[in-house]
2 protein chains.
Amino acid sequence: MNHLQLRPPTMADVARLAGVSHQTVSRVLGDHPNVREATRAKVLHAIEEMGYRRNSSARALATRRTRTLGVVSANTTLYGPASTLFALEEAARAEGYTVSTVSLRKLVVETLSEALDHLSEGGVEGVIALAPQRSAAEALAELRHPFPVVAVGTGSGAEIPSVNVDQQLGARLATGHLLAAGHRTVWHLAGPEDWQEAVDRTVGWRSALEAVGVEPPTPLRGDWSPLSGYRAGQELAGWVGRGLTAVFVANDQMALGVLRALREAGVRTPQDVAVVGFDDIPESEYFAPPLTTVRQDFAAVGQRSISLLLDLIEGRSPSGTQGIFIEPQLVVRASTFPHGPQSGDALD
Amino acid sequence: MNHLQLRPPTMADVARLAGVSHQTVSRVLGDHPNVREATRAKVLHAIEEMGYRRNSSARALATRRTRTLGVVSANTTLYGPASTLFALEEAARAEGYTVSTVSLRKLVVETLSEALDHLSEGGVEGVIALAPQRSAAEALAELRHPFPVVAVGTGSGAEIPSVNVDQQLGARLATGHLLAAGHRTVWHLAGPEDWQEAVDRTVGWRSALEAVGVEPPTPLRGDWSPLSGYRAGQELAGWVGRGLTAVFVANDQMALGVLRALREAGVRTPQDVAVVGFDDIPESEYFAPPLTTVRQDFAAVGQRSISLLLDLIEGRSPSGTQGIFIEPQLVVRASTFPHGPQSGDALD
DNA sequence: GAGGTCATTGTGAGCGCTAACAATTCCCAG
DNA sequence: CTGGGAATTGTTAGCGCTCACAATGACCTC
């Protein structure tokens, strides 16, 4: 608690104490090679003694580099965005960058524009936008900004550089898993149409069915929430005994609602109906029964996004601007084991 | 995508185009009163035409104000920290500040020190530390920093300004609710000892029991995870029929594990054992059965924290430095209704 | 020991902005 | 009209740092 209001020491102050010029202090701080060891020691000692810290504003002004990146996101309390945010910050910090975040309630042109303005005022060199809604992707493409922007989760259609998890692949893995377990067909509870991820998951599900010559049932639609899953689950329960034995739900939270509705309707999971989710949120393993789901590698998304953005900032030609896709992974648990134990996985 | 590498226009450029001095441009941007309307219009037009944006570094250097706050946190993918983070950013932005975040994997002296250094390099004017672990609180008190720091979640014992949810009150609400429902005693699954929140919840639980003259059973201990809840649940199941009819679990994730273990042991909730959690994560409403829990007002925590920190920065004497406490709220659901419906709450 | 090279250090000029003060213009009372 | 005060605008210094270049000194070669 020694944040006295005294003017903090400047490089010139340190230089005076060390008996050198301010430029030599700058060289020591910048790890310049041509500084005599004795001089360096003197300077470091003076820095230590005065508790000197380089003024970032002055530095940024002189170098024209703020070493700050911005992140725009909505729904940051959800597991996916929160994980991505975490990975982004960690990756950026490893590269010596600071991250400024703007969390929106809704991601539309207006709020997005304000967010970019705010970040721009803050002097960011580039921005990562978590823009899973298609409207957000379109808004991004429209907006003018004086810095590069990388989108996360916009899918392949986007006109800006993007990093994604391969949602279609994930959906094919989930659906294929159910087909391989002997189910004749797989029903689908989709996410909101406006979300690219939801669309891609539906596309993957459909293509997996069509690949084995099965006509896909009409998908139901939810809004990601457990409540919407619960309602869809009630509807699905009505189809049990009429060809419904397996459901691919577009996310784990809705799957939670589906599980509850099925249970209440007297439908057993997985004996009567097998359920697969998507996301692998930490709770999924403890659902009743534990949920088979698709895990996304958010850490990889974060790292690739940062490295792509830095390529853009540095003017390097990025490796794959056309859209980077990261492979998801199927996690099999009891909700798709007709005869397996209800417990036991990952306990011990 | 027009981030050309041309040098962006400066205030002087705008001034030249508008036929005024750079200072007049500065006045227009700063909403100074004494600028003639015609002049203001000319300047604004020139700004618009050149797409001018004020250089934040230069501004910060001249004013000695970066208008940037830092946030340090661990476990940012958990619901609580993520919600607080969201609220903090929103509150800060409303006050015209930008927020830089550092997300740590572990909050110990070393990482905390690095985080503060990193933020300091980034030029923050103050920092909010989400420091629910007692070790983190101690580390904070030790560390030197050239800016004010506000802690969140450190409880009353801390030696630095802090904002908290009143965990003891929350625990008393939960325990009292169970006692009022007719339970003779209430067992407790506590969180990790190192967490102040866990300690406070245990204290509140104990005091509620002692207030009605009940000797508290020995609490079990978990690590917040569903797995640890599952294991504790197995142990708790063994006490059913020997006086155990109600459990207060220190968070919802562990409660999820407890519910699963009880179910597997053939123990019915809430008929045989009533369960209360803490946090009210979005999934709690869809657990089997829906979970009675304690909701924390993270938005209020965020707002109070920012306003306290800004008081400190501006040198105003803050209203209540001794620790701000925010009231939590009990949310009653089916896990504590001996005879109520298992579903039905908040559906419709 | 003169000349040249390299390592090391210092000097001066900004980076783009705001604050303080000086200068100019405007307006109206006298 | 004309003086004086207020309104409006301009001028001059930095803010603390890095960059480009100049200057110094050490060391080596012939």
Side-chain angles (χ1 to χ4, degrees), chain A residues 5-44 46-47 50-68 96 98 120-125 146, chain B residues 5-44 46-47 50-68 96 98 120-125 146:
Chain A
Q5 294 300 30
L6 303 175
R7 177 89 54 88
T10 73
M11 203 171 255
D13 297 329
V14 173
R16 205 170 305 122
L17 181 61
V20 298
S21 77
H22 64 134
Q23 176 61 353
T24 296
V25 176
S26 175
R27 286 194 185 95
V28 169
L29 255 30
D31 267 334
H32 249 81
N34 294 342
V35 178
R36 207 190 313 163
E37 199 44 56
T39 311
R40 178 188 309 277
K42 259 193 315 189
V43 170
L44 287 175
I47 287 174
M50 305 189 78
Y52 169 75
R53 322 214 53 154
R54 199 154 43 169
N55 178 313
S56 60
S57 303
R59 190 165 142 75
L61 179 57
T63 58
R64 299 150 180 277
R65 302 289 312 262
T66 58
R67 299 198 76 81
T68 299
T98 290
S120 184
E121 297 279 305
V124 298
E125 296 184 29
Chain B
Q5 294 300 29
L6 303 174
R7 178 89 54 86
T10 73
M11 202 170 254
D13 296 330
V14 173
R16 205 170 304 123
L17 181 60
V20 298
S21 78
H22 65 134
Q23 177 62 342
T24 296
V25 177
S26 175
R27 286 194 185 95
V28 169
L29 254 31
D31 268 333
H32 260 259
N34 292 342
V35 179
R36 205 192 315 164
E37 199 44 56
T39 311
R40 179 188 307 279
K42 257 194 316 189
V43 170
L44 287 175
I47 287 175
M50 305 189 77
Y52 170 76
R53 321 216 50 154
R54 199 153 43 169
N55 178 314
S56 61
S57 303
R59 191 165 142 76
L61 180 58
T63 58
R64 298 150 180 280
R65 301 289 313 260
T66 59
R67 299 197 77 81
T68 299
T98 290
S120 184
E121 297 277 306
V124 298
E125 294 183 31

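Of the side-chain N and O atoms in B:Thr39, none sit less than 4.0 angstrom from OP1 or OP2 of D:dT8. At least one side-chain nitrogen or oxygen of A:Asn34 sits closer than 4.0 Å to the OP1 or OP2 atom of C:dT8.
Heavy atoms of B:Ser21 sit under 4.0 angstrom from at least one base atom.
Across all their heavy atoms, B:Ala60 and A:Ser57 have their closest contact at CB-OG, 3.2 Å. Contact between B:Ala46 and B:Ala18 at its shortest, heavy atoms only, is CB-CB, 3.9 Å. Taking both residues in full, the closest heavy atoms of A:Pro9 and A:Met50 are given as CG-O, 3.7 Å, listed atom of the first, atom of the second, then distance. The heavy-atom pair separating B:Val43 from B:Val14 by the smallest distance is O-CG1, 4.3 Å. Residues B:Tyr52 and B:Thr10 share a closest heavy-atom pair of CE1-C, 3.5 Å.
Between the P atom of C:dT24 and the CZ atom of B:Arg36 lies a distance of 16 Å, rounded to the nearest Å. Remark: P of C:dG10 and CZ of A:Arg16 are 14 Å apart, rounded to the nearest angstrom.
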What one-letter contact string describes nucleotides 13-22 of chain D from 5' to 3', where B marks a base within less than 4.0 Å of any protein heavy atom, S marks contact via sugar-phosphate atoms alone, and - marks no contact?
--BBBBBB--
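Between B:Arg53 and A:Glu121 there is a salt bridge, since at least one side-chain N of the basic residue sits less than 4.0 Å from a carboxylate O of the acidic one.
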